Structure formats: structure tokens, C-alpha cells
Protein chains: 2
Amino acid sequence: MEAALTLFAERGYLGTSMKDIAGLLGLRAPSLYNHVDSKQELLREIMVRTMNELLNSHRAVIATSADVVEQLRRAMETHVIYHANNPRDVRIGNAEIQNLEEPVHGEILRMRDEYSASWQSIIERGVREGRFDSPSPRLSSFAMLEMGIGVSMWFRPGGPLTVAQLGYYYGDMALRLVNAAPAAVGRAGAAMAGVVIPAQVDVHRS
Amino acid sequence: MEAALTLFAERGYLGTSMKDIAGLLGLRAPSLYNHVDSKQELLREIMVRTMNELLNSHRAVIATSADVVEQLRRAMETHVIYHANNPRDVRIGNAEIQNLEEPVHGEILRMRDEYSASWQSIIERGVREGRFDSPSPRLSSFAMLEMGIGVSMWFRPGGPLTVAQLGYYYGDMALRLVNAAPAAVGRAGAAMAGVVIPAQVDVHRS
DNA sequence: CCTACCGATCGGTAGG
DNA sequence: CCTACCGATCGGTAGG
């Protein structure tokens, strides 16, 4: 699984052979079939586990507050931190959906829909409560999800930014996107999140 | 090229065979070699053309104004409209970089770097001029680029939103992300952009 | 865990 | 434009 994770993320599912995976482990390709039924099973396990973890983290974190501003901030922090900590998994999850066979393919799509719908409903509620301003909660949620996914493409640990700081900053951007009440945005929330964020941060080239 | 564009976007470069491409054209696979040298050439042409168009559009549009707020808005409109109008090209451009051979692979990476650097420098200048607020122009530019790329994954023409409206809305989101002076954000700019945007818009499921 | 091997498919060429 | 064909590689199995 670990070898498949690395190679699928680097070269893609179709660009990785069972011989490649075995080679990374110092084995011959046929030996892998003592541990897995098929190459497809490796992809299936990676994608199901990843989507479950993301969805469970999301559900858990939005249950920690009834305040919609705080929910959005924490959802974005969780989203970004997951993508920063699991870049190989989420790269595979986003790039290889079309290589997943049924019925798992359909299940993953349903989980993605549920995740996306939860974000949209948070924003809709924020608008309804007068805390957010958004001409289209659907577009706003797409923008937020997408910007967080992008983190998996460039973030590397050991840079000037910790994952917690990264999460806080993206949470801030999510609130800006829906013009959340200024009092709730910016440095005010940093202490609460247990994060010290410098006034000016930037990362080096990946 | 048209057939390759469709199939590479749907199934990926490695998931598409020359036989598939020929089949879509009612031909046999070997006949394709009267028109192209290799499968790799098809990918190369798609990616070079796409990246050139995006970069040229970007350079042209930021030259139309010296005002940094207007530059950022128009850059985002152009970015999003290009992604909405050319979903197959940009999907391939983002998914198949690792399948491009040298030296084109390196050239495409350089063009992406240039594009990304231009966005970052716009935001840095906006901050310097006191028009934008951003703790990290680099992170802000990543977020903007990424949210625009996402449009290629779900936008379909014929929905309730035109590409021009879509572009305007994303331009608005870009300005929100850097807390651009409120006077420059929101409905005020819509007429100037020649776009009528309803107070509440939303798209149906793709 | 290995070697030996299977049928299928790949990108591409020969030759007309 | 086609048929016939090439060597290479694929995922997976047999058998020990």
C-alpha cells in the first residue's frame, strides 16, 4: 500500500506497473499477489480510505461549533491540513477517479457529492443568518474546496509555514470569500486556534 | 487533434490508445501515422498550444490597465473564462504533465512558473500600493489560480450562468481574497465589465 | 517467495 | 487509406 501510494501519486495508476511496485519493495511482481487480489484493489483501498478519513474529519469538526462562521473556518482548516498531510492520497483521489471500477467508483462520487453539499449548506446557512455575503453559495463552496485541494500540489513540510499556520491562513481566506463579519476575520481568531501566525509569512519555492 | 483532445481529457493520455483515437474518426490506428509522428506529439501540441494561449491572454489583459485592482479583476476573468471555454485542454494540461517528455516538459513547467509569478507580482504590487491586504501574496495567488482551474471541472455552457457572468463573479472573489478596497468590489464593476449579473445566481448540478 | 509462462494490448513499422 | 506484423510490456496464473 505504501509503495502503491508513492508510485500512483508520482506516475499515475496506469503509469505504474505491478513490477514497479514490487521493485520498490525488492520483490518480483507475482509475489504481490500473495498480499493483494489485483492492482485495482490497491487503488480501491487508497481511495475509499482517503475519502472516508476526509469525510469523517469534516463531520467531526463541524460538530464542534454551532456558530456558522466558526464552522466554516474549522472546516477549511481541516480540509487544508488533510491535504497538506496526505498529498499522495489526495492526488490519487483527484486524478484517478475514472480508473476506479464500479461499484466503488459510484460510491466515491457519492461521498464527494456529500462533502461538497455540506460545504454549500454551511455557506447557505451563513447567508441566511446574515453572517455571510455570497451571490452563489455553490460557486463559493467550489472555490473553497478547490483552493484547499491545491495545497496538496505544492506544500512541503519543513518550510517556514507549519500545517497549523497554513490551515489558519486558508480559514481566513474562506471567511474573506464570503465577506464574513470583519470582527470574526483576521488576527483575532489566531489565538483561539492555538496558532501563532506572523504578520507576514511566505513560503519558498517547492 | 480534436479526437485526441476529447479522449485524453476523458480517459487520460495513458488510458487512450491510438486505436481509440482512430476509432473515433472511423479509421484504423496505423492510418494516424500519416498525420502525426507519434502519440506523444499529440500531447505535446495540445499542451504547448494551451499554455501559450493562456499566457498570451494573460499578458494581453494585464496590459489593458495600470490599476492593480483592475488588473487582478481582469486577470481572474480571463483565467476563468479560458478554463470554462477550454475544459478539455486545461484538464489535460493539469493532469498529464508527468507524461510529457523533455524538452517540452521543462518548457511547460517554465511557462507555468511564469504565469504563477505574474499573479504573485500583481498581488505584491497591490499590497505595496496599499490596495490589497494579504499576509502572503504567494498563498493568495495559489488560491486564486487553483479556484479558477476548478471551473474546468464542472462548468457547462447552457446553464443559468454565462461565461462572462462566471468570470465577473470569480473576479469579485479574487478581490475579496485580498480585501481590495470595498469601493472597487461588488456590483459597482459589473456595468464596466459589460456584464449584467443578477443579485443571486446559482448553477444546477453538472 | 520464486521462475516460467499466458493471452491481450500497446505504439509503431513495412509494404502496397 | 489498408492489412499484416513487430518487439515490448501489461496484469495475472500455474506450480513449486
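The model shown is predicted, which means the values in this text are computed figures rather than measured ones. Labels below follow one simple rule: chain letters A, B, ... track the order of the sequence lines, proteins then strands, and each chain is numbered from 1.
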Looking just at side-chain N and O atoms, do [X] and [Y] make a donor-acceptor pair shorter than 3.5 Å?
X: A:Asn56; Y: A:Arg59; result: yes
X: A:Glu77; Y: A:Tyr168; result: no
X: A:Thr64; Y: A:Arg74; result: yes
X: B:Thr6; Y: B:Arg88; result: yes
X: A:Ser118; Y: A:His58; result: yes

From the options [options], select the nucleotide whose nearest atom is closest to the side chain of [X].
X: A:Leu27; options: C:dG12, D:dG11, C:dC2; result: C:dC2
X: A:His35; options: C:dC2, C:dC1, D:dG11; result: C:dC1
X: B:Pro30; options: D:dT13, C:dC2, D:dT3; result: D:dT3
X: A:Lys39; options: C:dA14, C:dC1, D:dG12; result: D:dG12
X: A:Ser31; options: D:dC2, C:dC2, C:dG12; result: C:dC2

| Any idea which heavy atoms bring A:Ala143 and A:Leu177 closest together, and the distance? |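 So the minimum-distance heavy-atom pair works out to CB-CD1, 4.1 Å.
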| field | Given A:Asn94, A:Leu100, A:Val104, the one that forms side chain to side chain contact (heavy atoms under 4.5 Å, CB included) with A:Met47 | value |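 It is A:Leu100; the other options fail the test.
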| At under 4.0 Å, does any side-chain N or O of B:Arg28 touch on OP1 or OP2 of D:dC1? |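 No, outside the criterion.
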| said: Between B:Val151 and B:Tyr170, is there a side-chain heavy-atom distance shorter than 4.5 Å? | reply: yes
Over how many whole Å does the gap from [X] atom [atom1] to [N] atom [atom2] extend?
X: A:Glu41; N: D:dG12; atom1: CD; atom2: C1'; result: 14 Å
X: B:Leu32; N: C:dC10; atom1: CG; atom2: C1'; result: 14 Å
X: A:Asn99; N: D:dC10; atom1: CG; atom2: C1'; result: 14 Å

| query | Can you say whether the rings of A:Tyr115 and A:His79 are parallel (under 30°), tilted (30 to 60°) or perpendicular (over 60°)? | reply | tilted
| task | Name every residue in residues 4-24 of chain B that has at least one heavy atom under 4.0 Å from any atom of DNA chain D, in order of residue number, or write none if there are no such residues. | result |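 Residues of residues 4-24 of chain B that come under 4.0 Å of DNA chain D do not exist, since none gets that close.
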| task | Tell me which of B:Gln40 and B:Asn34 sits closer to the 5' end of DNA chain C, going by the nucleotide each one is nearest to. | result |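 In this pair, the answer is B:Gln40.
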| Duplex segments of DNA chain C, taken as runs of at least three Watson-Crick or G-U pairs that stay under 3.5 Å |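 Stems (3+ consecutive pairs) listed as C:1-16 with D:1-16.
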